[in-house]
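Working notes, structure below.
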Amino acid sequence: MSVRVRMAPSPTGFLHIGGVRTFLFNWLFARGRGGECLLRIENTDTSREVAESVAQIERSLRWLGIDWDGETTFQLDRMGRAQEEARRLVAEGKAYEDEGAIRIRMPDEGVVGWEDAIKGRIEFPAAELEDLVLVRSDGRPTYNFASPLEDWLDGITHVIRGDDHVSNTPKQLVVLRALGAEPPVYAHVPNVFGGDGKKLSKRHGAVSVDEFRAAGYVPEALMNFLALLGWAPDGETTIMSREELIERFSLERVGSSPATFDYAKLDWMNGVYLRSFPPEEYADRLVAYLREQGYDWPEERIRAAAPLVQEKITRLGEFPAFAGFLFGDVEPDPSLLDSRILREAERALERVEPWRADAIEQALKALCDELGEKPRSVYPSIRVAVTGSRVSPGLYESLELLGRETALSRIRAAASVAA
RNA sequence: GCCCCCAUCGACUAGCGGCCCAGGUCACGGCCCUUUCAAGGCCGUAGCGCGGGUUCGAAUCCCGCUGGGGGCACCA
């Protein structure tokens with residue numbers, strides 16, 4: 001039997017990272033088995049749905065590298081079919097009308113249960129189930145009717161969704177049974193928390209895919225990190241390519257307890273990916289990122305700066321603050337400047353030929369010897385004068401890139417304002 | 001209130017009765033390297049929620065408790 005799953009976001013604004021993790025599990029599961037992965041928008045409620053948010057959802061998924069088969073479908077499009085099926089159930093005596101709405105009869109004894117692919121056997125006492133509204137009095141189907149109905153019509157074999165749907169499952173199982181449908185395999189993945197044991201939300205940090213993108217995370221890292229939230233191939237492996245993720249993913253190894261989103265670990269992992277890119281690719285990504293964020297800095301200069309920061313920043317978003325001195329003026333803090341050292345540095349640097357990092361290094365080292373000081377006591381002043389900060393990329397490379405003229409004029413200017 | 005789910009270092013997890021006085025990764029601490037910051041190397045702190053069982057033997061199985069989460073709509 002070939003596998004078919006579906007990702008079913010509700011079109012309420014942005015794409016939440018917790019939901020993305022669930023979609024990722026669907027996607028990895030399907031792709032790992034040569035199956036299909038559908039994208040279905042769950043909008044039985046017309047008032048809330050917005051075309052724009054659907055477009056945003058699609059854009060976010062694509063950016064992450066999650067694709068889907070066929071056209072995006074809308075739950076609402078099958079309203080007619082839902083009404084038809086509901087009427088059929090009434091005719092068969094399995095449902096009944098109630099003040100203009102149609103309700104299904106729930107069994108009133110025994111249990112309704114299933115073998116959850118992640119949580120194992122789950123059962124609900126039938127007495128807990130109330131006769132569910134299938135179709136509202138205004139004719140629109142409810143979620144708990146439309147969703148299983150569509151799963152059936154679409155031939156969904158595995159419903160992999162959030163934990164919060166566990167209590168909907170018995171209802172949907174009854175609906176499916178009444179419809180005469182073979183129920184799919186259900187797999188309920190635990191929630192994602194933010195540090196305090198509460199559902200991940202804005203107060204914990206970034207939550208939408210767009211925010212992570214804007215902060216300079218790369219999709220490979222985000223995907224790798226998300227995959228490991230609640231799933232592990234073994235106890236050792238942490239860095240895995242998209243292909244490896246697909247190959248190794250399995251529902252059996254998804255844990256049943258909720259996971260906490262650890263931003264620090266994501267940062268670390270993003271750094272691992274950033275450092276692993278070949279220099280040209282790193283530069284490509286950096287340029288694309290800065291363009292996306294609206295920086296109009298010259299591309300050649302960004303490319304030249306890329307190697308200076310690749311080992312040092314963990315998110316592309318750190319680039320402007322870290323290497324911005326290469327693209328605009330600086331305002332060094334006078335109290336961090338030493339005019340004597342700066343004048344000596346100016347003198348030493350004037351004669352450097354050619355203006356390259358290695359020659360600059362020689363000159364500066366020689367200066368240190370001359371002054372009888374350690375680099376650590378003479379460099380800070382120069383660094384601050386030239387980069388505007390005590391933290392920066394390598395000093396020699398920074399000076400080279402900046403050019404002799406700019407470098408010297410910054411040093412001169414700094415010397416004159418030094419405290 | 002009722003129903004359902006969950007429970008290993010601060011975090012993600014490995015562990016599916018003996019190989020575990022519990023392993024890996026992040027974070028944290030120390031040392032080394034070092035022009036700052038990173039990166040890298042080495043070392044370290046830290047955990048099976050509690051109480052009963054079952055068993056020769058339990059982190060692993062069972063029961064209870066406690067704690068956390070989710071759900072009880074003509075929302076999705």
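Only a predicted model underlies this, so the values are computations on that prediction, with no experimental measurement involved. Every chain is numbered from 1, with letters handed out A, B, ... down the list of sequences.
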Problem - Reference residue Phe225(A); test ring pair (Phe, Tyr, Trp, His ring centres under 6.0 Å); the match among Tyr217(A), Phe261(A), Tyr263(A) - result: Phe261(A)

Fill in the blank from the handout: Among U25(B), C74(B), G69(B), the one nearest any side-chain atom of Phe193(A) is G69(B)

Practice task
Rounded off to whole Å, could you give me the CZ-to-C1' distance for the Phe25(A) and C12(B) pair?
Solution key: 12 Å

Practice task
Using whole Å, report how far NE2 of His165(A) lies from C1' of C3(B).
Solution key: 18 Å

Handout entry: Nearest-nucleotide pick for Asn191(A), side chain only, options being G71(B), G70(B), U36(B)
Key = G70(B)

Practice task
Answer with yes or no whether Ser392(A) presents, from its side chain, a donor or acceptor under 3.5 Å of a partner atom in the base of C37(B).
Solution key: no

Exercise for the section: Report the residue (Asp131(A) or Pro375(A)) whose heavy-atom-nearest nucleotide on RNA chain B is the more 5′ of the two. Expected result: Pro375(A)

Practice task
Return the nearest nucleotide to the side chain of Arg253(A); candidates are G15(B), G70(B), A39(B).
Solution key: G15(B)

Handout entry: Cation-aromatic face contact Arg103(A)/Tyr96(A), 6.0 Å, 45 degrees
Key = no

Problem - Arg87(A) and Val135(A), any side-chain heavy atoms less than 4.5 Å apart - result: no

Practice task
Would you kindly give the CZ-to-P distance between Arg315(A) and A38(B), to the nearest whole Å?
Solution key: 13 Å

Exercise for the section: Examine distances only and state if a side-chain atom of Ser416(A) and a backbone atom of Ala413(A) form a donor-acceptor pair shorter than 3.5 Å. Expected result: yes

Problem - Neighbours of RNA chain B within residues 357-368 of chain A, by heavy-atom distance under 4.0 Å - result: none

Handout entry: Glu361(A): salt bridge (Lys or Arg N to Asp or Glu O under 4.0 Å) partners, not counting sequence neighbours
Key = Lys365(A)

Exercise for the section: Look at Lys199(A) and G70(B) and indicate whether a side-chain polar atom (N or O) is within less than 4.0 Å of OP1 or OP2. Expected result: no

Exercise for the section: Please report, rounded to the nearest Å, how far the P atom of U13(B) is from the CZ atom of Arg21(A). Expected result: 8 Å

Handout entry: Any Thr260(A) side-chain N or O less than 4.0 Å from OP1/OP2 of C12(B)
Key = yes

Problem - Residues touching RNA chain B, which here means a heavy atom under 4.0 Å, drawn from residues 99-111 of chain A - result: Glu99(A), Ala101(A), Arg103(A)

Problem - Per Phe124(A) side chain, nearest of listed nucleotides C3(B), A38(B), C26(B) - result: C3(B)

Completion exercise
Expected list for residues 266-273 of chain A near RNA chain B, using heavy atoms below 4.0 Å, is Trp268(A)

Handout entry: Residue pair Val185(A) / Ala117(A): nearest heavy atoms and the distance that separates them
Key = CG1-CB, 3.9 Å

Problem - Sugar-phosphate, base or nothing in reach of Leu395(A), heavy atoms under 4.0 Å - result: base

Completion exercise
Walking RNA chain B from its 5' end, the first of Pro9(A) and Leu229(A) to be reached, judged by nearest nucleotide, is Leu229(A)

Fill in the blank from the handout: Winner on side-chain proximity to Arg383(A), out of U36(B), C26(B), G70(B), is U36(B)

Practice task
Describe the nucleic acid contact of Asn144(A) in one word from base, sugar-phosphate, nothing, applying a heavy-atom distance below 4.0 Å.
Solution key: base

Exercise for the section: Report which part of the nucleic acid Arg161(A) touches: base, sugar-phosphate, or nothing (heavy-atom distance under 4.0 Å, all strands). Expected result: nothing

Problem - Per Thr142(A) side chain, nearest of listed nucleotides U35(B), C74(B), U13(B) - result: C74(B)

Please tabulate, one pair per line, each protein N/O and nucleotide N/O from nucleotides 5-10 of chain B that are separated by under 3.5 Å, including the distance.
| from | atom 1 | to | atom 2 | distance (Å) |
| --- | --- | --- | --- | --- |
| C5(B) | O2' | Lys119(A) | NZ | 2.8 |

Exercise for the section: Check whether any side-chain N or O of Ser208(A) sits under 3.5 Å from a backbone N or O of Glu211(A) as a donor-acceptor pair, and report yes or no. Expected result: yes

Exercise for the section: Would you classify Lys374(A) as touching base, sugar-phosphate or nothing, given that sugar-phosphate means primed atoms plus P, OP1 and OP2, and contacts are heavy atoms under 4.0 Å? Expected result: nothing

Handout entry: Distance-only donor-acceptor check, side chains Arg40(A) and Thr73(A), under 3.5 Å
Key = no

Handout entry: Touch class at under 4.0 angstrom, heavy-atom based, for Pro170(A) against every strand present
Key = nothing

Practice task
Apply side-chain contact (heavy atoms from CB on, under 4.5 Å) to Ala357(A) and list each qualifying residue two or more places apart in sequence or on a separate chain.
Solution key: Tyr396(A), Glu397(A), Glu400(A)

Problem - Options G24(B), C37(B), C74(B), nucleotide nearest the side-chain atoms of Glu236(A) - result: G24(B)

